[in-house]
Amino acid sequence: MSSGNGQQRAGGEEAAPPEQLALMREAVRKAKEPRAKPRTWRGAALARELPVARVLVDKGVLHLDRYFDYAVPEELDAVARPGVRVRVRFGAGGRNVREGRREGGGLIDGFLVERVAESDYSGPLAALAQVVSPEPVLSPELLGLARAVADRYAGSVADVLQLAVPPRHARAEAAEMGPPPAPPSAPDPKSWRRYGRGAEFLGSLASGGSPRAVWTALPGPQWAEEIALAVQATLASGRGALVVVPAGRPAARVDAALRGLIGDGQHALLTADAGQERRYREWLAVRRGAVRAVVGTRAAMFAPVRNLGLVVVWDDGDASHSDDNAPFPHVREVLELRASRDKCAFLLGGWGCTVEAAQLVESGWAAPLVADREQVRAAAPLVRTVGDGDLARDEAARAARLPTLAWEVVREGLRHGPVLVQVPRRGYVPRMACAQCRAPARCRHCAGPLAAQDAGELRCCWCGREETSWHCPECGGFRLRAQVVGARRTAEELGRAFPAVPVRTSGREQVLDTVPSTSALVVSTPGAEPVAEGGYAAALLLDGWAMLSRPDLRAGEDALRRWIGAGALVRPQSAGGTVVVVAEPTLRPVQALVRWDPVGHAVRELAERAELGFPPVSRMAAVSGKAEAVAEFLRGAELPPDAEVLGPVPVPVGEAGRPRRAGGPPPGERWERALVRVRPGSGAALASALKTALAARTARGGSGGSGGSDAVRIRIDPPDIG
DNA sequence: AGCACGCCGACT
DNA sequence: GTCGGCGTGCTC
């Protein structure tokens with residue numbers, strides 16, 4: 001078998017004299033001899049032991065997702081250890097054969113993966129240009145994890161490492177670090193006793209066990225200390241622990257709780273808002289084993305904790321647990337991988353319960369950690385609803401835009417302390433719902449969401465089929481309405497309704513951390529709610545129907561999660577805490593809130609998704625790009641036999657209000673998106689098929705993952721499948 | 001993605 | 001004869 005290159009060369013040499021031709025053929029054959037001895041083009045001396053370095057080049061492109069061999073010069077022998085960052089010449093410029101070997105190609109970064117005696121590569125090896133630093137940042141464990149994540153998400157290892165290894169900072173690296181402090185003693189389980197087998201769980205951690213649990217936390221501020229106790233128990237067993245929370249504020253709470261329990265110095269805080277130097281210093285402290293525990297936001301999910309004994313994710317339904325860089329790994333999934341690979345304990349906690357969490361319990365992978373109903377009733381606020389019927393009957397509501405019940409609860413609450421008002425954030429996508437019962441309109445073929453198109457016709461956002469005779473399967477209605485959200489004005493009007501009371505707002509721009517226990521109206525968007533000292537006296541959850549009627553698979557789950565998140569900051573019912581939600585009391589998430597039963601909701605939701613073939617019971621991948629590119633890609637890909645392709649359908653350009661996520665179509669281009677769905681168990685096969693097809697495509701002609709006009713993008717577990 | 005190599009048409 | 005377009009294929 002001769003390479004294409006060789007054929008070409010031979011063709012061009014036909015005019016050359018025979019003896020010269022023979023010489024050239026000889027040269028070609030020589031270059032192809034297997035097990036070529038490593039040599040540099042300067043003939044520099046090589047390391048005597050293991051002179052070949054296997055290098056992972058730091059380029060996200062998929063067809064470069066493998067190792068390249070380089071020769072190790074003698075002078076780099078000592079520092080060229082596995083795991084260090086290196087720079088190498090890489091690119092076509094390196095093989096200018098004619099005028100003797102000349103340096104070419106650009107210098108690019110990479111990681112030295114291992115040192116070996118011989119190379120499989122048949123050509124002459126280039127030499128490592130530089131060892132950037134002797135710090136072995138890429139351990140075999142981290143590389144293994146990065147590879148597993150890359151496989152799970154059909155991405156490249158280099159892309160994952162970009163998320164996993166922070167940029168180097170020389171000054172941070174120079175700092176000396178001491179040995180880790182002595183482990184703390186095993187904790188008293190304290191409030192963990194409120195959960196059925198909570199004390200048992202902590203005991204298992206402390207004695208070196210690796211239990212896995214989905215924990216439904218009771219409302220209130222105790223959760224941070226409960227996580228800290230789990231960390232303490234794990235440290236007591238001589239192992240390390242990793243906690244990932246959705247944002248800086250909850251990270252600060254767990255940090256404070258840990259300080260309170262075991263003091264400073266046992267753990268590092270890894271959050272995005274730290275500067276580069278501090279980030280790298282903290283990360284190094286973890287890698288070097290100077291600290292044994294980590295609390296942080298999503299980038300911390302890869303933290304190289306030594307002898308990992310426990311991983312924790314808090315509030316896994318929060319969107320910020322999903323990384324927004326390729327290949328878009330999710331904290332819960334990555335920590336599941338870590339727990340499996342490292343055989344360590346796993347704790348997924350939240351006030352609510354995601355469908356994915358319910359699935360972990362149902363599959364038997366994790367055990368439920370819940371309090372009994374009596375405990376729940378004692379800790380949760382009283383929840384009351386205001387539905388359409390109430391509103392219609394309510395004269396006062398029409399005038400004041402505030403239902404009588406809501407008004408009364410707020411007024412009464414303000415007599416005892418602060419009152420939280422939750423208003424939805426702007427920017428929910430208006431799609432279609434039943435005008436009568438407000439159930440989202442769904443496609444009768446694949447159950448995707450229906451949306452009105454530019455021309456006015458009704459189409460499925462997944463499979464693209466037109467719907468001409470829709471009627472509501474819930475209530476039999478046949479009229480549709482577009483969903484519109486207008487919110488903030490309500491807050492201003494509220495302020496006018498209670499003129500003597502101070503109004504404070506907390507939102508995306510300015511997030512309040514805490515508010516005092518004095519009477520005030522606290523208006524907040526979901527996720528930005530300040531914690532009130534002693535708890536809120538009441539909470540008012542407005543425009544619930546708008547949250548619920550988004551035609552998103554997770555609309556109900558999301559709404560419930562946000563309500564629960566607000567309600568958990570309210571005093572218990574026994575202390576007068578009351579929540580009013582403006583939403584139909586017949587709807588499932590509303591009922592779940594009233595009963596404070598997030599697990600029941602998630603379990604029912606899971607059963608329904610299994611029936612309809614929705615994630616997470618099936619796995620989905622989105623393929624998007626220009627129409628021809630998507631079609632060609634799908635034609636070329638060898639998808640698993642059970643794969644089902646939905647669509648493609650046009651990607652809406654700049655849908656009203658929805659912020660365009662990174663990875664959308666460039667301005668002015670019309671893109672399409674297809675969804676590929678497989679049965680449970682075929683997820684890995686799907687990811688692998690997509691990765692192979694993408695790599696082949698890029699290597700062939702197309703312009704691969706990022707740039708070019710014929711690019712396609714793959715996203716496993718797309719977040720917005722309508 | 002870059003980047004060189006090589007074939008094929010235009011021009012001093 | 002040589003210069004330079006861009007179509008292919010490789011990168012240790």
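Everything quoted here is computed from the prediction, not taken from an experiment. To find a chain, count down the sequence lines: A is the first, B the second, and so on, and within it residues start at 1.
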Practice task
State whether the number of non-hydrogen atoms from other residues, nucleotides or ligands found under 6.0 Å of A:Glu75 atom CD is greater than 12.
Solution key: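 Atom CD in A:Glu75 is packed in, count exceeds 12.
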
Handout entry: Atom pair CG (A:Asp65) and NZ (A:Lys691), whose distance is rounded to the nearest 0.5 Å
Key = 4.5 Å

Length of the [atom1]-[atom2] vector between [X] and [N], whole Å:
X        : N      : atom1 : atom2 : value
A:Phe90  : C:dC10 : CZ    : C1'   : 9 Å
A:Phe68  : B:dG2  : CZ    : C1'   : 13 Å
A:Lys59  : B:dC3  : NZ    : C1'   : 10 Å
A:Tyr121 : C:dT11 : OH    : C1'   : 7 Å
A:Asp69  : C:dC10 : CG    : P     : 18 Å
A:Arg115 : C:dC12 : CZ    : P     : 19 Å
A:Arg89  : B:dA4  : CZ    : C1'   : 16 Å
A:Asp65  : C:dC12 : CG    : C1'   : 16 Å

Exercise for the section: Measure across A:Asp69 and A:Leu125 and return the closest heavy-atom pair with its distance rounded to 0.1 Å. Expected result: O-CD2, 3.6 Å

Exercise for the section: Mind telling me whether A:His321 and A:His330 have parallel, tilted or perpendicular rings, with 30° and 60° as the class edges? Expected result: tilted

